[in-house]
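To start, the structure itself, in structure tokens.
On a predicted model such as this, the values are computed, not experimentally measured, just so you know. Just so you know, residue 1 is the first one in the sequence shown, and it goes up from there.
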Amino acid sequence: MSGDRYTPQSGDASIGVDHYDLTLDYKIATNRLSGTAVIRVRAATAISAVSLDLVGLRASKVLVDGRRAPAFHQSDRKLRVTLPAPLDEGEGVEITVVYGGAPRPRRSRWGTIGWEELEDGALVASQPTGSPTWFPCNDVPSDKATYVLTISTDSAYTVVASGVRVEKGGRGSTATWKFEQSIPTPTYLMTVVLGRFVEETVPLDDRSGRMFYPRRLADRVHADFADLGAMMALFQERFGPYPLDEYAIVVTADDLEIPLEAQGIGVFGASHIDGVGGLERLIAHELAHQWFGNSVGVAAWGDIWLNEGFACYAEWIWSEHSGAETAHERATHHHARLDALPQDLLLRDPGPDLMFDDRVYKRGALALHALRLTAGDDAFFALLRAWCAQHASGTATTDEFVALAEELSPVPVSDLLHEWLDELPLPALPRAGRAGRAVAHAVRTATSAVSPRR
């Protein structure tokens, strides 16, 4: 029984996972991974077996509550474990899987995803179904769990992973790193990055952050991330307190096609760092995902606009605040661009082939700008803060967002949102209503108060 209709071969709706304890040993030179996963599973309905996602790696031993499983069978996508006795709904069991092999990305309709070798290291980019390339899991966005990750590798390399680093030790040529992720996280947002990095602590508004980067890129990294603390301050004001334990930036020596968001981490390639802030919007986008997508996750992939539309609009909010284009100027530009493209994308349910189409990002951001114009700044940003607070560390749906917007807006907005979410033609941007006229005033005031950029 699939866990999400966009990814019907992934996940199992009959189970939920509370916790993963992963112990990994990775040989960078030979790309060999040996792992032990201890997984606390609970039954969502009566079950006699547990089905986990595992791709490209082979299970050699499976235990159930510390004893050898009666049977287990592995296909190219699944590891099916027979339980010693059936479980009723709500009952739990601990499954231990010993596994290993040469991890590699899996092919999907969205390209190759998962564990990937770099020129000198490795990284994990799992959205949406790449996590089984490095550990057995229930790979659906709605199933959030906590994690402990212990990984041993060549001591010449730094390991960055989702969670708080709690231990680092070594013996000879091998170093062991331990991370704890106490905030519920979906499998696709767990990552590991291994590389030869400089580590640096940086202030981020009222909290600290870390940056990891190749030494040769130091000047470019320092220039491009100089405003990260100001970004954090703005987003905490607009969206509420930063919802995770910490935030880390990783810049790889390799060029990457796109930046990657993970729980508490933004991963950028050398190709994204030019030293003059040319791709600053990407830095804002990945930071905003820590609120939208990571803390407030989607219950199903069909609601992906709740992640990407919101992170895209955060780019426009930062642009406005920093004295570049206003959000309205960005919205007007992108509206004209979308208007010239095919009108065949339904924002609420774009379908798996179009879920990462740029129109989801931009139309989602435009829907939010239309809401802001209609409701006004005070109500709009109060809505975003309430949204992040009410669904922190959980999942949410489009219907829940519409209901909250209708509740908090001073004027009706459900019909407006219906046009943007549930109809194919691109709606016109509304003129600011009485409530929304504060937007233009706030934009003029904020822009005039910001000095020209360096």
Side-chain angles (χ1 to χ4, degrees), residues 20 22 24 26 103 105-106 110-118 121-135 137 139-141 143-151 158-165 177-195 197 199 204 209-213 225 228 231-232 235 242-252 254 256-269 272 282-298 301 304 306-308 310-311 314 356 392-393 395:
Y20 296 89
L22 307 176
L24 309 179
Y26 181 62
R106 70 184 299 185
W110 308 282
T112 54
I113 49 178
W115 187 287
E116 183 174 349
E117 291 182 87
L118 300 176
L123 65 75
V124 173
S126 290
Q127 191 179 27
T129 59
S131 298
T133 64
W134 66 290
F135 69 102
C137 57
D139 197 24
V140 287
D143 194 7
K144 290 189 168 188
T146 57
Y147 299 75
V148 171
L149 169 62
T150 305
I151 181 166
T158 297
V159 178
V160 188
S162 299
V164 176
R165 187 175 70 202
W177 308 68
K178 184 175 182 179
F179 302 85
E180 293 182 354
Q181 180 56 271
S182 61
I183 296 174
T185 301
T187 51
Y188 84 93
L189 286 174
M190 290 297 295
T191 195
V192 175
V193 187
L194 298 90
F197 298 132
E199 178 179 350
L204 297 179
R210 291 179 294 147
M211 293 200 301
F212 301 86
Y213 55 87
F225 289 96
L228 187 61
M231 238 179 239
M232 178 70 83
F235 289 174
Y242 181 70
L244 307 177
D245 291 320
E246 58 184 37
Y247 187 58
I249 292 290
V250 181
V251 179
T252 67
D254 296 55
L256 300 180
E257 183 179 356
I258 58 173
L260 311 169
E261 91 262 11
Q263 191 83 328
I265 301 174
V267 182
F268 300 82
H272 302 130
L282 300 178
I283 297 172
H285 186 102
E286 303 312 325
L287 176 59
H289 267 313
Q290 305 308 317
W291 285 265
F292 306 108
N294 296 19
S295 178
V296 183
V298 290
W301 286 120
I304 188 66
L306 292 172
N307 294 3
E308 301 301 350
F310 284 56
F356 299 119
S393 300
T395 61

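- Evaluation of the side-chain hydrogen bond (donor to acceptor under 3.5 Å, both in side chains) rule for Arg106 yields no partner, not counting sequence neighbours.
- Shown are Val251, Ile258, Thr252; of these, the side chain to side chain contact (heavy atoms under 4.5 Å, CB included) with Val267 is made only by Thr252.
- For the side chain to side chain contact (heavy atoms under 4.5 Å, CB included) test, residues two or more places apart in sequence or in another chain that qualify with Ser182 are Asp245.
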Before you tell me yes or no, could you show the steps for Phe310 and Val296 under side chain to side chain contact (heavy atoms under 4.5 Å, CB included), namely the whole-Å CA-CA distance, both residues' side-chain angles and the distance that decides it to 0.1 Å? CA-CA 11 Å; Phe310 284 56; Val296 183; over 6 Å; no

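- Partners of Trp301 under the ring pair (Phe, Tyr, Trp, His ring centres under 6.0 Å) rule, at least two apart in sequence or in another chain, are Tyr188.
- For Tyr20, the ring pair (Phe, Tyr, Trp, His ring centres under 6.0 Å) partners are Phe135, Tyr147, not counting sequence neighbours.
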Going through the checks in order, is the side chain to side chain contact (heavy atoms under 4.5 Å, CB included) test met by Phe225 and Ile249? CA-CA 9 Å; Phe225 289 96; Ile249 292 290; 3.6 Å; yes

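- Residues forming a ring pair (Phe, Tyr, Trp, His ring centres under 6.0 Å) with Tyr26 (at least two apart in sequence, or on another chain): Trp115.
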Run the side chain to side chain contact (heavy atoms under 4.5 Å, CB included) check on Gln127 and Phe356 step by step: do they pass? CA-CA 10 Å; Gln127 191 179 27; Phe356 299 119; 3.7 Å; yes

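- Annotation: side chain to side chain contact (heavy atoms under 4.5 Å, CB included) contacts of Thr146 (sequence neighbours excluded): His19.
- Side-chain contact check for Leu118 versus Leu123: some heavy-atom pair is nearer than 4.5 Å.
- Annotation: ring pair (Phe, Tyr, Trp, His ring centres under 6.0 Å) contacts of Tyr242 (sequence neighbours excluded): Trp291.
- With hydrogens and angles disregarded, no donor-acceptor distance shorter than 3.5 Å links the side chain of Ser393 to the backbone of Ile183.
- Residues that satisfy the side-chain hydrogen bond (donor to acceptor under 3.5 Å, both in side chains) test with Gln181, not counting sequence neighbours, are absent from this structure.
- When the side chain to side chain contact (heavy atoms under 4.5 Å, CB included) test is applied to Lys178, the partners found at least two apart in sequence or on another chain are Val148, Thr150, Val166, Glu167, Glu180.
- Scored by the side-chain hydrogen bond (donor to acceptor under 3.5 Å, both in side chains) test, Thr129 finds no partners at all (sequence neighbours excluded).
- With sequence neighbours excluded, no residue forms a salt bridge (Lys or Arg N to Asp or Glu O under 4.0 Å) with Glu117.
- Side-chain contact between Phe268 and Leu256: absent, with no pair of heavy atoms (C-beta onward) separated by less than 4.5 Å.
- When all heavy atoms are compared, the tightest approach of Val164 to Glu246 is CA-OE2, 4.3 Å.
- The aromatic rings of His289 and His285 stand perpendicular to each other, their planes meeting at an angle above 60°, with 30° marking the opposite boundary.
- Scored by the side chain to side chain contact (heavy atoms under 4.5 Å, CB included) test, Thr191 finds Val124, Ser162, Val193, Ala262, Ile265 as partners (sequence neighbours excluded).
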Take Trp134 and Val192 through the side chain to side chain contact (heavy atoms under 4.5 Å, CB included) test and state the conclusion after the steps. CA-CA 10 Å; Trp134 66 290; Val192 175; 3.7 Å; yes

